[in-house]
Amino acid sequence: MLLSHARPKDHGRPIETDIPARLDRLPWSRFHMLIVVALGITWILDGLEVTIIGSLAPSLERRDTLGLTETGIGFASSAYVAGAVLGALIFGWMTDQLGRKQIFFLTLALYVVGVGASALSWGLGSFACARFITGMGIGGEYSAINSAIDELVPARLRGRVDVMVNGTFWAGAAFGALGSVWLLDSAIIPVWLAWRIAFALGALLGIAVLLLRTFVPESPRWLITHRRVEEADAIVSLVESHCAEPTGGWKTKLPKVLIYPAGVFSPMEMIKIMIQRYRARSLYVLVLMISQAFLYNAVFFTYGMVLTKYHAVEARNVGWYILPLALGNLLGPLILARWFDTWGRRRMIGLSYAVSGLMMLGVAYAMGADLLTASTQTLSWCGIFFFASAAASSAYLTASELFPLEMRAFAIAVFYAVGTLFGGVAAPVIFGHLIGTGKLSLLVVGYVAAAILMIGASVVAWIWGVNAENRSLEEVAPPLSEFYAKQEQGLV
């Protein structure tokens, strides 16, 4: 049972509404495509940022650029992830209190400032600060974007849409890889200028997306919890007017949910709720987040250095090797996504984590035995990431689905932040140091550790996984206000 002081602060008249059911019955429409494009672009931007660092890392070591060391590049990469952690926590809480729409405008603007400052940096200190600001914007985006998408997409399609949208991270990675190859060709643009242009293009893209988001409405589900029922109804009615008639017709009687708008919860109150009432779900999501974050940050922030140090790949050609990795990551969620709604969450999450972990053990062994070239190692990563990408995308889907409406964005932020703190901040520094030693055996040990984490997450998914497919968000995690109402009536 929750602590007695963690109670709703609004004891007014309850609201009985069918708005969640109206949203879930809608057929796919141009409105849903607008949501996916305008909000899902966040993942493309993050993929662009991560890949640019991986592709530009060798060039940033040159004296005519920033003259960074391997450790310095790892530090700047960790600064980006650390900023994402802080941004997620701050803006995640604000998203639940102020609304999804206000925050995804604010966080994208912060990203534009940070990536623009990255293009103008002059040394390790200024570059690391700029990456930190960029990370804050991207980290803040995650909670607002994932909660908004899941609250607007019909339940029967939520799994595949979320997995596919999260997988578009790798479309950004592909663009970054291709762009770095072109920009680093000194016959076209000097290297001392090319890396600055790469970051500046990210800022321009962010500005364009800000304009597109003016057409995205606030989440009707969030509006209900703040007694803005007329606004919520108007938004749903407008969406319905642009949709084809759903199965069963518009007049079909829909189930209603009773909501007692709960006012504002403090971050500590929400954390206590996660620890006390949702302990098993919290541990489950945490394991998924940590394992995938460690795997991805271990590889992508440092792969450029692996290629140049161990396989003698020229710095300007690094992007050609990262490009197929990005394509493998992109294809995985696109191909496997529908099975998360049909075969089920628990089975697909467990399978995707297990297969990627086992394959990574095989690649680590081959690396230790010196059996891989730059090309075969890249192809091996493609196979691993085909499954690992779907696994990582499902971690964000799980964090969004398994917690109540009133704290959904903050829950996403907490698990992203904690998972990234352990798996993301540490990984670039650790692997940057391992590569800097020049000892391949130490790098192999690091990859084995990442594989073990993925396999362990698979076991946890099979044990604690929740079958959330084709169920409304309110059914998977009833609103906190419903629990409070029963608590006050002595029913719990």
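Numbering of residues begins at 1 and proceeds along the displayed sequence.
Here the side chains of L238 and F31 are not in contact, with every heavy-atom distance at 4.5 Å or above. Contact check for D24 versus R156: no side-chain heavy atoms found under the 4.5 Å cut-off. In this structure, the side chains of W339 and L351 stay at 4.5 Å or more apart for every pair of heavy atoms. Residues S356 and I455 form no side-chain contact, since every pair of their non-hydrogen atoms from C-beta on lies 4.5 Å or further apart. Two residues are said to be in side-chain contact when any heavy atoms from C-beta on lie closer than 4.5 Å; F105 and L110 fail this criterion. In this structure the side chain of I41 never reaches within 4.5 angstrom of the side chain of V37, judged on heavy atoms. Between D162 and V153 the shortest side-chain heavy-atom distance does not fall below 4.5 Å. Contact check for V36 versus H32: no side-chain heavy atoms found under the 4.5 Å cut-off.
Residue pairs that meet the salt bridge (Lys or Arg N to Asp or Glu O under 4.0 Å) test with at least one member in residues 386-401, sequence neighbours left out, are R158-E401, R345-E401. For residues 241-250, there are no side-chain hydrogen bond (donor to acceptor under 3.5 Å, both in side chains) pairs, not counting sequence neighbours. Sorted by first and then second residue, the side-chain hydrogen bond (donor to acceptor under 3.5 Å, both in side chains) pairs with a member in residues 103-115 read E49-Y111, T107-E141; sequence neighbours excluded.
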field: F415 vs F403, ring pair (Phe, Tyr, Trp, His ring centres under 6.0 Å): CA-CA, chis, key distance, verdict
entry: CA-CA 11 Å; F415 294 114; F403 297 92; 5.3 Å; yes
task: Start with the C-alpha distance between D150 and S400, add both sets of side-chain angles, then the distance that settles side-chain hydrogen bond (donor to acceptor under 3.5 Å, both in side chains), and finish with yes or no.
output: CA-CA 7 Å; D150 284 352; S400 179; 2.4 Å; yes
- request: Using the side-chain contact (heavy atoms from CB on, under 4.5 Å) rule, take K101 and W222 through it: C-alpha gap first, then chi angles, then the decisive distance, then the call.
  value: CA-CA 10 Å; K101 185 167 184 174; W222 180 87; over 6 Å; no
- request: Would you sort out whether V414 and M274 count as a side-chain contact (heavy atoms from CB on, under 4.5 Å), showing the intermediate values?
  value: CA-CA 10 Å; V414 167; M274 286 187 278; 3.9 Å; yes
Step-by-step side-chain contact (heavy atoms from CB on, under 4.5 Å) determination, L331 to F386: CA-CA 7 Å; L331 289 175; F386 180 87; 4.2 Å; yes
- prompt: Can you list the steps and then say if V229 with I15 is a side-chain contact (heavy atoms from CB on, under 4.5 Å)?
  reply: CA-CA 8 Å; V229 181; I15 297 171; 3.6 Å; yes
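Evaluation of the side chain to side chain contact (heavy atoms under 4.5 Å, CB included) rule for M94 yields I90, F91, L98, I103, L106 as partners, not counting sequence neighbours. The salt bridge (Lys or Arg N to Asp or Glu O under 4.0 Å) test applied to R338 returns no partner, not counting sequence neighbours. The salt bridge (Lys or Arg N to Asp or Glu O under 4.0 Å) test applied to E469 returns no partner, not counting sequence neighbours. Applying the ring pair (Phe, Tyr, Trp, His ring centres under 6.0 Å) test to F132 and every residue at least two apart in sequence or in another chain returns nothing. In terms of the side-chain hydrogen bond (donor to acceptor under 3.5 Å, both in side chains) criterion, S380 has no residue partners (sequence neighbours excluded). In this view, W464 satisfies the ring pair (Phe, Tyr, Trp, His ring centres under 6.0 Å) rule with no residue, not counting sequence neighbours. Judged as a ring pair (Phe, Tyr, Trp, His ring centres under 6.0 Å), and not counting sequence neighbours, the contacts of Y416 are Y142. Applying the salt bridge (Lys or Arg N to Asp or Glu O under 4.0 Å) rule to E218 yields no partners; only residues at least two apart in sequence or on another chain are considered. Applying the salt bridge (Lys or Arg N to Asp or Glu O under 4.0 Å) rule to R160 yields the partners D341; only residues at least two apart in sequence or on another chain are considered.
A salt bridge is defined here as a Lys NZ or Arg NE, NH1 or NH2 lying under 4.0 Å from an Asp or Glu carboxylate O, and D233 with R22 meets this definition.
In this structure, the side chain of S393 does not engage the main chain of A390 through any donor-acceptor pair within 3.5 Å. Between the R346 side chain and the G465 main chain, a donor and an acceptor come within less than 3.5 Å of each other. A donor-acceptor pair is defined here as one N or O able to donate and one able to accept, closer than 3.5 Å; such a pair exists between the side chain of T134 and the backbone of V115. Under the 3.5 Å distance criterion, the side-chain polar atoms of S458 are matched with a main-chain donor or acceptor of G350. A donor-acceptor contact shorter than 3.5 Å links the side chain of R279 to the backbone of I275. A donor-acceptor contact shorter than 3.5 Å is absent between the side chain of T214 and the backbone of L210. Between the S389 side chain and the N329 main chain, a donor and an acceptor come within less than 3.5 Å of each other. Side-chain atoms of H226 do not come within 3.5 Å of backbone N or O of L223 as any donor-acceptor pair.
Residue R347 qualifies as open at atom CZ: its count of foreign heavy atoms under 6.0 Å is 12 or below.
Atom CZ of residue F104 and atom OG of residue S143 lie 11.5 Å apart, to the nearest 0.5 angstrom. In this structure, CD1 in I235 is found 9.5 Å from CG in L23, a value given to the nearest 0.5 Å. Taking CG of L34 as the start and CG of L39 as the end, the distance is 7.5 Å to the nearest 0.5 Å. Atoms CZ and CE, from R131 and M136 in turn, are 14.0 Å apart once rounded to the nearest 0.5 Å. The OG atom of S266 sits 3.5 Å away from the CD atom of E269 when rounded to the nearest 0.5 Å. Distance CD1/I463 to CG/L283: 12.0 Å, rounded to 0.5 Å.
Here the shortest heavy-atom pairing between V216 and A38 reads CG2-CB, 3.6 Å. Counting all heavy atoms, side chain and backbone alike, G92 lies closest to A413 at CA-CB, 3.8 Å. Between Q292 and M289, the shortest heavy-atom distance links the atoms NE2-O, 3.3 Å. The minimum heavy-atom distance between L325 and C382, with the atom names listed, is N-SG, 3.7 Å. Residues D18 and K256 approach most closely at CB-CG, 3.8 Å, considering heavy atoms. Closest non-hydrogen pair, S394 versus Y353, comes out as OG-CE1, 4.1 Å.
Between P20 and the choices E151, R221, E475, R25, the side-chain contact (heavy atoms from CB on, under 4.5 Å) rule is met once, by R221. The side-chain contact (heavy atoms from CB on, under 4.5 Å) test with I290 singles out one residue from V287, L286, L288, and that residue is L286.
Remark: aromatic rings of W381 and Y447 are close, center separation under 6.0 Å.
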